[in-house]
A.B. asks: 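If you scroll down you'll find the structure; I have some questions about it.
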Number of protein chains: 2
Amino acid sequence: MNDTPSENTGKTTPPRTRIQQKNRRAIMEAALEVFSQYGFRGARLDQIAQTAGLSKPNLLYYFPSKEAIHTELLTCLMDTWLDPLRALDPAGDPREEILAYMRRKLEMSRDYPRESRLFANEILQGARHIRTAIKGELKALVDEKAEVIRGWAERGAIAPVNPHHLIFSIWALTQHYADFEVQVRLILEGREDDPYPEAERYLETLFSRLLAPERA
Amino acid sequence: MNDTPSENTGKTTPPRTRIQQKNRRAIMEAALEVFSQYGFRGARLDQIAQTAGLSKPNLLYYFPSKEAIHTELLTCLMDTWLDPLRALDPAGDPREEILAYMRRKLEMSRDYPRESRLFANEILQGARHIRTAIKGELKALVDEKAEVIRGWAERGAIAPVNPHHLIFSIWALTQHYADFEVQVRLILEGREDDPYPEAERYLETLFSRLLAPERA
DNA sequence: CGTGTTTCTGACCAATTGGTAAAACCATAC
DNA sequence: GTATGGTTTTACCAATTGGTCAGAAACACG
């Protein structure tokens, strides 16, 4: 008997059959839908199963437990989630690099709001399942890029700013449009159907003015 | 028999006895603790009762249902939550008013992070219980203050900005430190024990540069 | 003190939860 | 075909969930 289709090798083990591939995909998709809406505790296996078009026992044929689904989902998405920051190029033009990073993050909010809300829920609820990833991967990456930004500021390529808080502010501002989408839309009702174009313009202005070096 | 201690008059009905006052307070406090951590669906009545130092049936003596507790909590806190924005004075100095608003919001994140997370959870999970308050009170208040800001920008007292997105950005930036506190702390570990002093400095710089009118 | 009211508890309930066991159903390869 | 393995379902379980109820304490107050 095939105990568990997925191995615990850490990453995505390629499923054996086409059916497994299809169903595991469907489960991940459904899990994203449900976990991002309700967080780990609020999510129900029934709901994930139904969303995936499977019966609950069948769902549990592919994953041993609710926690396993959640963990797999988070670890799978973590990499993609960090890509925009990874792409920040120390050799590029400082202001343009930071603006481009902001734009990439805003695109992620627009195109993958559920992923944003998944992480938001997870962190809001204490980050119990991704503590190590935050303290490890994420912190390392942030520290590295913060150092790059510090260098830029030091040589006057951008106005002096606290690099860590600059990164936080990019997260906060861009993710806000995904995590609080409902609120944003309700408040803008009658003004902007799609908040993102205006958000992009606003954030470009904001970071341009913040980083403009001539006034240091 | 006293069917339900709380009336549905909308606001906080003054409890009859001292015991009721004490216990209802304890319940609200416990509910804040639990709901802000897990959201509505993830919260468990047991946990609220235990945190409040009451038995579950006793808890349900004071409130008819889980939903009732949640609703009461939200409506009670909504007013306080909006106060910082209400205090934005159209007659004050524009830049100083906006900076002061930001500072008030940041103080709220520092001093009342659970309240922030409660609303964050609620909105993240679809804002089902506060939709009307958002579309009503909040939207009205935001529109009103956005109009004030628009006026300031128009007469050149601050640099031109989209007023609504300016308000969103204040929310995003300040609430981030409460909602994502775990992450912020984990990443800053070894650098800043308390993120708030540096956050305030950073945000002051950010909004000063954003709003400085001379470059309009 | 007694009596009426408020507050609290233990026992209970139906529904839902995450999860299991085993049998039934497939789809092939031989 | 039929053996063989992967896949799915049916039936089930124990624990937990939100919530009820009758009555026991605890209180207030004349």
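In what follows, every chain begins at residue 1, and chains take the letters A, B, ... in the order their sequences are listed.
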A.B. asks: So, does B:S55 get its side chain near the phosphate of C:dT9, meaning an N or O under 4.0 Å from OP1 or OP2?
C.D. replies: yes

A.B. asks: To the nearest angstrom, how far is B:N58 atom CG from D:dA26 atom P?
C.D. replies: 13 Å

A.B. asks: Toward the 5' end of DNA chain D, which comes first, B:S65 or A:I19, by nearest nucleotide?
C.D. replies: A:I19

A.B. asks: Identify which nucleotide among D:dG18, C:dT6, D:dT9 has an atom closest to any side-chain atom of B:Y61, counting heavy atoms from C-beta outward.
C.D. replies: C:dT6

A.B. asks: For the pair made of CG in A:D46 and P in C:dG19, what is the distance, rounded to whole Å?
C.D. replies: 12 Å

A.B. asks: Rounded off to whole Å, could you give me the CG-to-P distance for the A:L59 and D:dT9 pair?
C.D. replies: 12 Å

A.B. asks: Could you check how far OH of A:Y62 sits from C1' of D:dT9, rounded to whole Å?
C.D. replies: 13 Å

A.B. asks: Which whole-number value in Å describes the distance from A:I48 CD1 to C:dT17 P?
C.D. replies: 11 Å

A.B. asks: Side-chain N or O of A:Q20 less than 4.0 angstrom from OP1 or OP2 on D:dT7?
C.D. replies: yes

A.B. asks: If you check the B:K66 side chain, which of D:dT8, C:dG18, D:dG19 turns out closest?
C.D. replies: D:dG19

A.B. asks: Looking at the side chain of A:P57, which of D:dG18, D:dT10, D:dT8 is the nearest nucleotide?
C.D. replies: D:dT10

A.B. asks: Of the nucleotides C:dC8, D:dT8, D:dG18, which one has an atom closest to the side chain of B:R44?
C.D. replies: D:dG18

A.B. asks: Can A:Y202 and B:N162 be said to form a side-chain hydrogen bond (donor to acceptor under 3.5 Å, both in side chains), step by step?
C.D. replies: CA-CA 7 Å; A:Y202 174 80; B:N162 182 308; over 6 Å; no

A.B. asks: Among A:F40, A:F35, A:F119, which residue satisfies the ring pair (Phe, Tyr, Trp, His ring centres under 6.0 Å) criterion with A:H129?
C.D. replies: A:F40

A.B. asks: Using a cut-off of 4.0 Å on non-hydrogen atoms, how would the nucleic acid contact of B:A68 be classed: base, sugar-phosphate, or nothing?
C.D. replies: nothing

A.B. asks: Surrounding NZ of B:K135 (heavy atoms of other residues, nucleotides or ligands, distance under 6.0 Å), is the total greater than 12?
C.D. replies: no

A.B. asks: Which is more 5' along DNA chain C, the nucleotide nearest A:E67 or the one nearest B:K22? Just name the residue.
C.D. replies: B:K22

A.B. asks: Output the rounded distance in Å from CG (A:N23) to C1' (D:dG6).
C.D. replies: 12 Å

A.B. asks: Figure out the OH/C1' separation between A:Y38 and C:dT16, and round it to whole Å.
C.D. replies: 15 Å

A.B. asks: Nearest-Å distance, CZ (A:R41) to C1' (C:dT16)?
C.D. replies: 15 Å

A.B. asks: Hey, is B:R114 close enough to B:E29 for a salt bridge, meaning N to O under 4.0 Å?
C.D. replies: yes

A.B. asks: Give the ring-plane orientation class for A:F168 versus A:H165, where under 30° counts as parallel, over 60° as perpendicular and anything between as tilted.
C.D. replies: perpendicular

A.B. asks: Under 4.0 Å, heavy atoms only, any strand: does A:A43 hit a base, just the sugar-phosphate, or nothing?
C.D. replies: sugar-phosphate

A.B. asks: Of the nucleotides D:dT7, C:dT20, D:dT9, which one has an atom closest to the side chain of A:L60?
C.D. replies: C:dT20

